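Presented below is the structure to which this report refers.
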Amino acid sequence: MDCIFCKIAAKEAKSSVVLENERFIVIKDINPQAPEHMLVITKEHFTTLLDCADKGLLGDMLLMAKEAAKKAGIDESGFRSVINTNEEGGQTVLHLHMHILGGRPLTGRMG
Ligand code: AMP
Ligand code: ZN
């Protein structure tokens, strides 16, 4: 499958890895929208959040987001965790991932 995040997870494409375990790879976003902008990417391919019913995996994704925020030093100052789904949700890469943003005050606007 021609999926950039599958390639990153398989180390077939370059990325800046922040954290990794059996089920996830956390990388720095190539086009950061805040001083810290990381992506928690599942190693297994799910096209969108709608395609994943694995409660354990989805819970672990949040734990991984917390770990990444701690590692980046934005846990106490604060951060935002976002999953965009499908076109109107703003999803551009069709492989499940969670954004973690922080390092400056984020705007209150959500949409
Ligand atoms: P989304 O719009 O929610 O699908 O988010 C996709 C994110 O992936 C965007 O913030 C992109 O900047 C980021 N992105 C796309 N390709 C890469 C890549 N090769 N390495 C790191 N981040 C990427
Ligand atoms: Zn994929």
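Worth saying up front: this structure is predicted, and the values here are computed from it rather than measured. Ligands are counted one by one from 1 in listed order, and the atoms in each one are counted from 1 as well.
- Polar contact with ligand 1: present for N84 (N/O pair, distance under 3.5 Å).
- Under 4.0 Å from ligand 1, heavy atoms of T92 appear from its side chain as well as its backbone.
- What you find for A65 and I100 is that their closest heavy atoms are CA-CD1, 3.5 Å.
- Residue N31 has at least one heavy-atom neighbour below 4.0 Å for each of these atoms of ligand 1: 12 (O).
- The two atoms that bring F24 and L57 nearest to each other are CZ-O, 3.3 Å, heavy atoms only.
- I27 and L101 are members of different hydrophobic clusters when ILVMFWY side chains are connected at heavy-atom separations under 4.5 Å.
- Distances below 4.0 Å separate heavy atoms of H99 from the following atoms of ligand 1: 1 (P), 3 (O), 5 (O), 7 (C), 10 (O).
- Here's the thing with F5: none of its N/O atoms is less than 3.5 angstrom from an N/O atom of ligand 1.
- Taking 4.0 Å as the cut-off between side-chain N and carboxylate O, K43 and E20 count as a salt-bridged pair.
- The N/O atoms of G90, backbone and side chain alike, include one that comes under 3.5 Å of an N/O atom in ligand 1.
- Here the N, O or S atom of H95 that is nearest to the Zn ion (ligand 2) is ND1.
- Near I8, the atoms of ligand 1 lying under 4.0 angstrom from a non-hydrogen atom of the residue are 18 (C), 19 (N), 20 (N).
- At a threshold of 4.0 Å, the pair E36-K28 counts as salt-bridged, since one of the basic side-chain nitrogens sits closer than that to a carboxylate oxygen.
- Ranking the protein heavy atoms by distance from atom 13 (C) of ligand 1 puts D29 OD2, 3.3 Å first.
- Listed by number with element, the atoms of ligand 1 under 4.0 angstrom from any heavy atom of K28 are 21 (C).
- Ligand 1 places these atoms under 4.0 Å from at least one heavy atom of I4: 19 (N).
- Nearest protein neighbour of atom 15 (C) of ligand 1, counting heavy atoms only, is V93 CG2, 4.0 Å.
- What you find for I83 and M98 is that their closest heavy atoms are CD1-CE, 3.7 Å.
- Under a hydrophobic-cluster definition in which Ile, Leu, Val, Met, Phe, Trp and Tyr are linked whenever side-chain heavy atoms come within less than 4.5 Å, directly or via other members, L94 and L49 are assigned to different clusters.
- With salt bridges taken as basic N to acidic carboxylate O contacts below 4.0 Å, none links D60 and K55.
- Heavy-atom contacts of L39 reach the following atoms of ligand 1: 8 (O), 13 (C), 22 (N) (cutoff under 4.0 Å).
- Across T42 and H95, no two heavy atoms sit closer than the pair O-NE2, 2.8 Å.
- Close contacts between ligand 1 and H97 involve ligand atoms 1 (P), 3 (O), 4 (O), 5 (O), 6 (C) [criterion: under 4.0 Å to a heavy atom].
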Test ring-ring contact (aromatic ring centres under 6.0 Å, His included) applied to H97 and F5, step by step:
CA-CA 9 Å; H97 57 280; F5 286 178; 5.1 Å; yes
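- Atom ND1 is the N, O or S atom of H45 at the shortest distance from the Zn ion (ligand 2).
- Checked by distance only, ligand 1 and I30 come closer than 3.5 Å through their nitrogen or oxygen atoms.
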